[in-house]
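For reference, the structure discussed in these notes is given below.
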Amino acid sequence: LPSMSMRNFRLKLLKTVKTQSEGISRDAAAHGEQASGLRAWLVMADGDLSEIDFEDKRDLDWWGLQQDSHIFVFLNSKS
């Protein structure tokens with residue numbers, strides 16, 4: 001969906017992380033923590049990483065996100 005907003009993409013990433021690793025929230029809660037943030041980086045053609053700005057008003061196509069894109073995702077939890 002090249003016209004998807006970054007905000008919606010972030011929500012889909014959060015849903016995917018929650019679905020694939022439900023233990024994260026449960027483990028964090030057991031330690032008095034809560035999941036508080038998600039950061040992601042797009043791997044560029046030259047191998048460099050570009051942090052994705054989820055507040056950006058541009059769509060996925062502008063960012064160059066395609067079916068074969070590689071993305072590193074970091075889910076932060078804090079007390």
Inset, instruction - Check step by step if side chain to side chain contact (heavy atoms under 4.5 Å, CB included) holds for W41 and V73. - result: CA-CA 7 Å; W41 293 265; V73 177; over 6 Å; no
Legend entry - Candidate pair L11 and R7, rule side chain to side chain contact (heavy atoms under 4.5 Å, CB included), full reasoning: CA-CA 6 Å; L11 293 174; R7 180 181 182 276; 3.7 Å; yes
Could you give the distance from [atom1] ([X]) to [atom2] ([Y]), rounded to the nearest 0.5 Å?
| X | Y | atom1 | atom2 | value |
| --- | --- | --- | --- | --- |
| L13 | N8 | CG | CG | 11.0 Å |
| S3 | L60 | OG | CG | 8.0 Å |
| F9 | L14 | CZ | CG | 10.5 Å |

Inset, instruction - Specify the closest pair of heavy atoms between S69 and G64, including all atoms of both residues, with the distance to one decimal. - result: OG-O, 3.5 Å
Please examine the side chains of [Y] and [X], heavy atoms only from C-beta on, and report whether any two atoms are closer than 4.5 Å.
| X | Y | result |
| --- | --- | --- |
| M4 | K12 | yes |
| D59 | M6 | no |
| D56 | W62 | yes |
| L65 | I71 | yes |

Going by atom type alone, with no hydrogens or angles, which donor-acceptor pairs under 3.5 Å involve a side-chain atom of residues 44-53 and a protein atom two or more places apart or on another chain?
{"residue": "D46", "atom": "OD1", "partner": "D48", "partner atom": "N", "Å": "3.0"}
{"residue": "E51", "atom": "OE1", "partner": "R39", "partner atom": "NH2", "Å": "3.2"}
{"residue": "E51", "atom": "OE2", "partner": "R39", "partner atom": "NE", "Å": "2.9"}
{"residue": "E51", "atom": "OE2", "partner": "R39", "partner atom": "NH2", "Å": "3.2"}
{"residue": "D53", "atom": "OD1", "partner": "E55", "partner atom": "N", "Å": "3.0"}

